[in-house]
Structures are given as structure tokens and as C-alpha cells.
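This report refers to the structure that appears directly beneath it.
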There are 2 protein chains.
Amino acid sequence: MLTIPCRACPLRTRPLFVQMTPDEVAFMESLKIDEAVVEPGATIQMEGSASPRLFTVLQGQGLRYKTLPNGRRQIICFVFPGDFLGLQAALLGEMQHSVEARTRMMLCVFDQRRVVEVFEEHPSRARSLSAIAAVEGGILGETLASLGQRDAAQRIAWALTRVWNRLGAIGLERDGAVPLTFRQQDMADFLGLSLVHTNKTLARFRQGGLCDWSDGTLRLHDPEALARLAHVEPARPAKRHLM
Amino acid sequence: MLTIPCRACPLRTRPLFVQMTPDEVAFMESLKIDEAVVEPGATIQMEGSASPRLFTVLQGQGLRYKTLPNGRRQIICFVFPGDFLGLQAALLGEMQHSVEARTRMMLCVFDQRRVVEVFEEHPSRARSLSAIAAVEGGILGETLASLGQRDAAQRIAWALTRVWNRLGAIGLERDGAVPLTFRQQDMADFLGLSLVHTNKTLARFRQGGLCDWSDGTLRLHDPEALARLAHVEPARPAKRHLM
DNA sequence: CGAGGGTTTGACCTACCTCAACACACGTGG
DNA sequence: CCACGTGTGTTGAGGTAGGTCAAACCCTCG
């Protein structure tokens, strides 16, 4: 039995997300087949395989990553509540990256075959699915620009402000802090930096009073300065779609 | 008048692309409103604006890029025949990057509003549109992994083998060479390298007998060695969708 | 013939990497 | 209770891949 029917989903009322019509919500509820809880470290989806179950993240944090033939790991992006997992499996038949949980996560479960049928059954939901893909593409483009054109400090500042805004937008800020449950190694693998350099840069930020990311908690003491350092343009609204 | 009706399009018979049903081809033909030729250097779409015209590239080469607030430029990817331009404009209402022509290009033109209606009118075409978005996401992920985890020589080797395979797949190889009409600066801005270092690495490849990219022409003398250097897994088929 | 865009080359420098140790917290078993 | 491993964060020392600067060398084109 579903403990959280879509119509009572705490996420979808957040202003970050494009609002659904009651009809859409009802349709999604008919698509939702289960809820799942996964433990930290669990692999949710595997690069190269076709995930028969697709997910919307309700709670928790995780990451998408690729393992390269040379053994190194690139983190594609961090995964937060509201993210949809398995889009490539649905549209291409195969995931191009793996997804792993970093905290305990609660997931909304969909049947991959039913999701594919969305194109025949519910055009506006199909549009949202495509929009999700397009938004992710845009984010990846921005990430690419960070890796290619920003130096280490700028990259880290960029990533932290990004995460900060995202987590704030889904209401996870408490007392000027958001939970950020990754290791420094994860951040390094995300930004193409070494662990050591990531660590030292974070220490500099901390000593400089810019921000403090420790014990799984991120505090931005001076968000403007950080954004300026990162060369981030003033936060665009950029609504997201939920599945 | 259209000089190339979709049913006679030379691209869509290439094995690289997922084949359409006659019904789909007819539908696309009803969507196609024009053909356009743009000159080298022309801006086809602009970051931040909603392009009212969407394109499928028939001929020529171009690039997608973002300009960062700090003035630097990140090339997102190279644009080749078969690519669809304006997906973000269609799905999100706004382009997140610009598109510029590097050679004279021939484009298939669609009306943005009509494309959006594809979700109501033609589910299987809508699926293809989404698949295009998903494929692009996968490619961006791979690019991300290159920027983050490969050194300069590996990045260049990776990019060249990628381009080589792509251009080969659409039948542009002649006498062991494909046309590649970019500047070294473009490649540098794509891979997050300086022009100087890109140039020197290319020179090393040339002297080492690996490949030769000059005068707008790319020759891979030893594709296997290059792929080995780049740590590229043996070419996956990875079909693409056309619009 | 000069101007401008792209490529090439050399000299120098630094941002970042690697290696290596240590610190601290946790759990497990003796 | 302590001894220990293991995983994560921290710090220092030294090395190098790749950046920047600068100049020259093509081209083509007006």
C-alpha cells in the first residue's frame, strides 16, 4: 500500500516544480506501483543495464556516476528529492550511468513499461518527461562549462551555490544550513579535482568565512561572495518538472 | 518549395539512425516548413532566447557553446548532419546555449509551435524527440567524464575518435579522411584546454603517425592506437533519432 | 602590399596533482 | 576495557601537466 499517494506528495507543492493538473496527478498515481527505501551505499541503477523500475526521489541524497575504462569515476550530478531516475532506461533502453544512494533514500517506484506508454496515454505527462530530459541536458551543459572554464576555487564555489539553491528550493534549509551528505571525494570526482586540492580549497573557504561544509552540513555564510567568486549569474528561476 | 522532401532525405537511410515508418516520414514532411542555408560564422540560435524556428542539420558543421559570465567560452558539442537544433527552445521555451555555423550549413526548418504539438498529434514522434534529448544527455555525460577524468592527450584522442566515428557513420569518409572544419581554438574550448597545448598535442599525434588534422581534414592513421590512448571502449552502436 | 585570422614554436610559471603521513571517529573482536 | 582496522578528513613537501606570454609564420583577401 502506498503511504504517500501522489496527491498528498509533499514535494509537488514546492514552487520549484511546475504544478500538475489534478488529472495529471491522478494519472501519475495510477502509474506509481510502489515505494522503496534504499540504504546508504546501495546501487539503485546500473550503467549499461535497463532498469525495469524507475524512480522519483522523495527523500535522501545520492549520485549519478560513470566509471571510465581507466578505472576513474566521474560523478555526473548529485541526486536530490524531485529528481527522476531512469529516464535513459525508459527512452533508450539502457542507463548510461549508475545511481548510488549516499543516505537512506525514499523512492517513488514506477514500472518502466508503463512509463513508456505515457506517450500514447497522456501527452502532457509525456511533455514533462521530455522537459525533464531537456532540463538535465541544460544542467549538464552548465556543468561542462564549469569543468572546462573555471578553476578549482570557482568550480567548488559554483557547485556549493548550486546545491545550496537547489536544497533551499525544496525546503531543506534549517537555521542557515542544509544537509549535504557527500564525501569530499565525491565532490572531487564531480568537479574533476583531486581530493587533496578539494580539501584544501574547502578549508580556505572555511577560514575565509565564506562557507562551512562539514559533518554532512553545508552553511553559506556569504552566499553573494561565493556566487561572485564562482561567476554565477543571479539565480534564474528555472522551474523543474516532476514525474 | 522544398528541394528535399523528407521521404527523399539522404540522411534518414543511414544505418546510424532509427528508421521511421512511412507514416512518420509523411508527418515530418507536414511539419517541415522550409529549408535554410546559413553562412560560416552565422549564429543560428542564441542562448537565452526562444528560437521560433527549429532545425535538423542536413549538411555542414557547427557548434553549440555557452558564454560564461567571466567571458570564457565552453563548446558543448560539435554539430553535424542529423543533429536537431532547438530542443530546449521547444521543451523549455529558452535555449541554454548558442549555436553557430562553422561551414555553410543546410538546415531543415520546423515551426517551434508545431513541434510542441507533436505530443498531442504523434506519440511516436514525440518519443523520438524525447529520445533525442536523452541521447544528448548521454553524450554530455560522456563529455563530462572526459573533461573530469582524462588528461589532455586522452581528451583529444577521445574527441577525434568520436568525431571520426560520427562522421563515418553518416558517410562522410573519403579516402581515409573526413572533413572537420573547426579551428584548434574550438577544440581547445571544447576540451577545456589552452590553444597552445592543444596545438602541441596535435603536433605530437601527427609526428607520432597517429592522426593528422589539418586543412579542415581529419585522417586517423591508427584508429586503434588512438582509441586505446583515449581509453574508449569498442564503439557501441548507439542509434540516434532524427526529427 | 598590408591587414587579419589561424597555426606553430619557445620560454617561463603556477595551479593542481601525487605521495605520504597523521588525526579522528567509528565499529569489531578479544 | 583496550587493541585494531577502516573510512574520512587534514596537512605538508615536491613534482609536473598544462597555462600564459610572446613572437613568428603561414594563408587569404582587399
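This one's a predicted model, so the numbers in the text were calculated from it and none came from an experiment. In what follows, chains are A, B, ... by sequence order, proteins preceding strands, each numbered from 1.
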Candidates D/dC21, D/dG18, C/dC16 - which lies nearest the side chain of B/Val196: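 Within the option list, the nearest is D/dC21.
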To the side chain of A/Arg206, which of C/dG10, D/dG19, D/dT10 is closest?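 So the nucleotide nearest the side chain must be D/dT10.
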Indicate whether OP1 or OP2 belonging to D/dT10 is found under 4.0 Å from a side-chain N or O atom of A/Gln184.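 True: A/Gln184 side-chain N/O within range (under 4.0 Å) of D/dT10 OP1/OP2.
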Residue-phosphate contact under 4.0 Å: B/Asn199 side-chain N/O, C/dT8 OP1/OP2: yes
Find the distance [X]:[atom1] to [N]:[atom2] and express it as a whole number of Å.
X: B/Arg204; N: D/dG18; atom1: CZ; atom2: P; value: 9 Å
X: B/Arg183; N: C/dG5; atom1: CZ; atom2: P; value: 10 Å
X: B/Asp151; N: D/dT16; atom1: CG; atom2: C1'; value: 12 Å
X: B/Leu195; N: C/dG5; atom1: CG; atom2: P; value: 14 Å
X: A/His197; N: C/dA20; atom1: NE2; atom2: P; value: 21 Å
X: A/Gln185; N: D/dT10; atom1: CD; atom2: P; value: 13 Å
X: B/Asp189; N: D/dG19; atom1: CG; atom2: P; value: 11 Å
X: A/Leu191; N: C/dA15; atom1: CG; atom2: P; value: 18 Å

Please work out if B/Arg155 contacts a base, only the sugar-phosphate, or nothing of the nucleic acid, heavy-atom cut-off 4.0 Å. nothing
When we call it a touch if two heavy atoms are under 4.0 Å apart, what does A/Gly192 touch: a base, just sugar-phosphate, or nothing?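 It contacts sugar-phosphate atoms only.
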Side-chain donor-acceptor pair under 3.5 Å between [X] and [Y], yes or no?
X: A/Gln74; Y: B/Gln149; value: yes
X: B/Asp212; Y: B/Ser214; value: yes
X: A/Glu142; Y: A/Trp158; value: yes

Do the side chain of B/Lys200 and the base of C/dG10 come within less than 3.5 angstrom through a donor-acceptor pair of N or O atoms?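 Yes, a donor-acceptor pair under 3.5 Å.
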Exactly one of B/Gln61, B/Arg64, B/Arg166 should register a side chain to side chain donor-acceptor pair (under 3.5 Å) with B/Asp83. Which one does?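 Looking at B/Gln61, B/Arg64, B/Arg166, the match for B/Asp83 under the side chain to side chain donor-acceptor pair (under 3.5 Å) is B/Arg166.
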B/Glu35 side chain vs B/Leu107 backbone, donor-acceptor pair below 3.5 Å: no
